[in-house]
Amino acid sequence: STCTTSKTVTITYSGSNITSPVYQYSTDGTNWSTSTSTTKTVTFTSNGKIYARTSDGTNTKKSTSYPANVTNVDVSNPTLTLGTATAKTNSITVSFTAADSDCAGTVTTTCVYGTSTSYGKTGTVSGTNCVMSGLTQGTTYYYKLTTTDAVGKTVTKTGSKATASI
């Protein structure tokens, strides 16, 4: 299933031999909410479970298809840690570590750089390195790396480094 920032679950209560049924649902199995309809939509913003039952106040009939697990809800931002920035006379390489604890950890990292924080040029991401090339020796360059996860949540880190002088 695809990762999302929320999941909507629709409970459809089946026929019941309970007189004057009350339809109930819970996200923890302890605290129950009442629905007046034979269908109820519940939106989750985190992973969890949904429980369903029908009651007449005395007798309770649990639904056989519940509890149901709600998974693949992305609840956290990705992480990005900048490592060492290594300078040569015409290039700078910044190492990084990027991850996401949700949704199989799928992330994409991009980097931009320039002689000011307006950046303007796109670096090359190769594995866990951002490579900025074609630089002028002895010049300070500013860089910004952005990591994006499967649902579009982002984290950005910035830094600066001077190229080496001969």
Taking every heavy atom of Trp32 against every heavy atom of Tyr51, the minimum-distance pair comes out as CH2-CB, 3.6 Å
Under the side-chain hydrogen bond (donor to acceptor under 3.5 Å, both in side chains) test, which residues partner Ser76, sequence neighbours left out?
Ser101, Asp102
Could you tell me whether the side chain of Asn129 and the main chain of Val131 form a donor-acceptor pair under 3.5 Å?
no
Can you name the side chain to side chain contact (heavy atoms under 4.5 Å, CB included) partners of Lys121, sequence neighbours left out?
Tyr113
Between atom OG1 of Thr41 and atom CD1 of Ile11, what is the distance when rounded to the nearest 0.5 Å?
8.5 Å
Any donor-acceptor pair under 3.5 Å linking the side chain of Ser46 with the backbone of Val75?
no
For Ala164 against Gln137, the heavy-atom pair lying closest together
O-CB, 3.3 Å
Sidechain-backbone polar pair: Asn90 side chain, Ser133 backbone, donor-acceptor under 3.5 Å:
no
Exam field: side chain Thr27 to backbone Ile50, donor-acceptor pair closer than 3.5 Å:
no
Rounded to the nearest 0.5 Å, what separates atom OG in Ser160 from atom OH in Tyr143?
6.5 Å
For a quick check under 3.5 Å, do Thr71 and Asn69 share a side-chain donor-acceptor pair by atom type?
no
Residues at least two apart in sequence or cross-chain that pass side chain to side chain contact (heavy atoms under 4.5 Å, CB included) with Ala87, listed by chain then number, are Ile92, Lys161
Sequence-distant partners of Thr86, side chain to side chain contact (heavy atoms under 4.5 Å, CB included), two or more places apart:
Thr84
Pairwise side-chain hydrogen bond (donor to acceptor under 3.5 Å, both in side chains) hits with a residue in residues 147-157, at least two apart:
Thr109-Thr147, Thr146-Thr156
Applying side chain to side chain contact (heavy atoms under 4.5 Å, CB included), name anything that partners Ser6, two or more places apart in sequence or on another chain.
Thr43, Thr45
Sidechain-backbone polar pair: Thr139 side chain, Thr136 backbone, donor-acceptor under 3.5 Å
yes
